[in-house]
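Please read all numbers here as calculations on a predicted model, not as lab measurements. Residue numbers begin at 1 in each chain, while the letters A, B, ... track the order of the sequences.
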Protein chains: 2
Amino acid sequence: MSKGESTKTAILDEATELASLVGLGGLTIGTLAAATKLSKSGLYAHFASKESLQVQVLQHARDRFTDVVMRPTVATPRGEPRVREFFDRWITWQSTGYAGGCIFVDAASEFDDQEGPVRDELVRAERDKLESLTMIVGTAVSEGHFRDDVDPEQFGYELEGIVLAHHHARRLMRDGRAEERARRAFDRLVDDCRPVARSA
Amino acid sequence: MSKGESTKTAILDEATELASLVGLGGLTIGTLAAATKLSKSGLYAHFASKESLQVQVLQHARDRFTDVVMRPTVATPRGEPRVREFFDRWITWQSTGYAGGCIFVDAASEFDDQEGPVRDELVRAERDKLESLTMIVGTAVSEGHFRDDVDPEQFGYELEGIVLAHHHARRLMRDGRAEERARRAFDRLVDDCRPVARSA
DNA sequence: TCAAGAACCGAACGATCGTGCTTTTATGAG
DNA sequence: CTCATAAAAGCACGATCGTTCGGTTCTTGA
């Protein structure tokens, strides 16, 4: 890797961390330059504009999400175990991924009303994730782990809700039982998808 | 109401609307002054600082939430109907309350890592809402609508998840079926709380 | 080793930020 | 209608914003 690429990677690492704390919009060239010990202009030379920097930060975070969540997930046995692995890694990503919490959650509520490349990139990432999740759940259905009438998209919607609630409870409310609550909600969700009628 | 109070109210109305679009942090005195047709200094005279403005915007939104969600909710019959009313009004609040979506959701992910009065106010509002919700659900239990072993706090957590997922799906993904999905999730949540064993 | 080119810096730009003053204008009680 | 007071404007401040450019320092391949 050339010098330029390595510093750019370092910048994006720092930028992602910083953005998770102050938001993609709150991120400024000046503070980022100070954090990376570069001059403003020296840093800026790596990007065409601030907007481009924001988009690249999102892509950078997306690559990491693929590495630490998606790839290990699809390497586990298909069906329910894979669904569970995905959930586990997703929750862990939110807790320990970045200092300021999941950057996609932060950016989503910040840019959901601001048309442009940043929003587009967010939507793309989210659509991708939802698509993967739908397939993973669909497989759990076809494997017989989940009932035939389980709607993978509805499952994805509800799983997203659990993860968002976890993020909210943990980061804003600093609820120590956030993760335990998320697990309980997840178990209930999975339980309602099982083929056999529940104990009654 | 004196002139001063009425303009201040108008400022806060506009500020809340604007903040829902660009975030509490993205809100600036200049743009807000332009939107209210006031001079920067004329507007600023109503507040001690920008931080104070942000806090008062949150309090303003909170008052409105109390009016359009909480008050009608506690006026409906206790138990499950009241739980349902709360959910309905909460969802409606998010869809139609402000142009840029629920300002609390936006501000939560923006300020969850920034210590200070704004964060404190957010936590206070959230704790209040959660407390009310817990009582409403608790009543549904004591009325016999929900099972005895239903955990109201867990219920609140999961309901918050559904609402957050709805916000996410609707605002970022512009999913037209967001509300329908939220209702399905809610029905499942309530269904799992019912005393009688389900059809089996 | 040495030149070509990449990487980085320093300084500056116009704009806008939040925040103080002082002055003008509007309000409303007597 | 008058006049004390409240409300809004005008102007300016230092700081920081994103961005540009010309020059300096470093990397790297031949």
Subject >> Which residues share a salt bridge (charged side-chain N to carboxylate O under 4.0 Å, His left out) with A:D13, sequence neighbours left out >> reply: none

Original post:
What is the distance from CD of B:E5 to C1' of D:dA8, rounded to the nearest Å?
Top reply: 16 Å

**OP:** Answer yes when B:E80 and B:R84 have at least one side-chain N-carboxylate O distance shorter than 4.0 Å, and no when they do not.
**Re:** yes

**OP:** Answer yes or no: is there an ion pair linking A:R62 with A:D128, defined by an N-O contact shorter than 4.0 Å?
**Re:** yes

Subject >> Stretch residues 19-41 of chain B: residues that reach within less than 4.0 Å of DNA chain D through a heavy atom >> reply: B:K37, B:L38, B:S39, B:S41

Subject >> Separation of D:dT19 C1' from A:Y44 OH (nearest whole Å) >> reply: 5 Å

**OP:** Look up atom CG in B:D151 and atom CZ in B:F146, then write down how far apart they are to the nearest 0.5 Å.
**Re:** 12.5 Å

Subject >> Toward the 5' end of DNA chain C, by each residue's nearest nucleotide, B:A48 or A:H46 >> reply: A:H46

Original post:
First and last nucleotide of DNA chain C in contact with chain B, 5' to 3', at under 4.0 Å to a heavy atom: what are they?
Top reply: C:dC17 to C:dG20

Subject >> Separation of atom CG in A:L43 from atom C1' in D:dG18, rounded to whole Å >> reply: 12 Å

**OP:** Answer yes or no: is there an ion pair linking B:E153 with A:R181, defined by an N-O contact shorter than 4.0 Å?
**Re:** yes

Original post:
If you measure from the Lys or Arg side-chain nitrogens to the Asp or Glu carboxylate oxygens, is any gap between A:D113 and A:R119 under 4.0 Å?
Top reply: no

Original post:
Quick one: do B:D175 and B:R170 make a salt bridge, cutoff under 4.0 Å?
Top reply: no

Subject >> Any B:K3 side-chain nitrogen or oxygen under 4.0 Å from OP1 or OP2 of D:dA7 >> reply: no

Subject >> Within 45° cone of B:F47 ring axis and under 6.0 Å: B:K8 NZ or CZ >> reply: yes

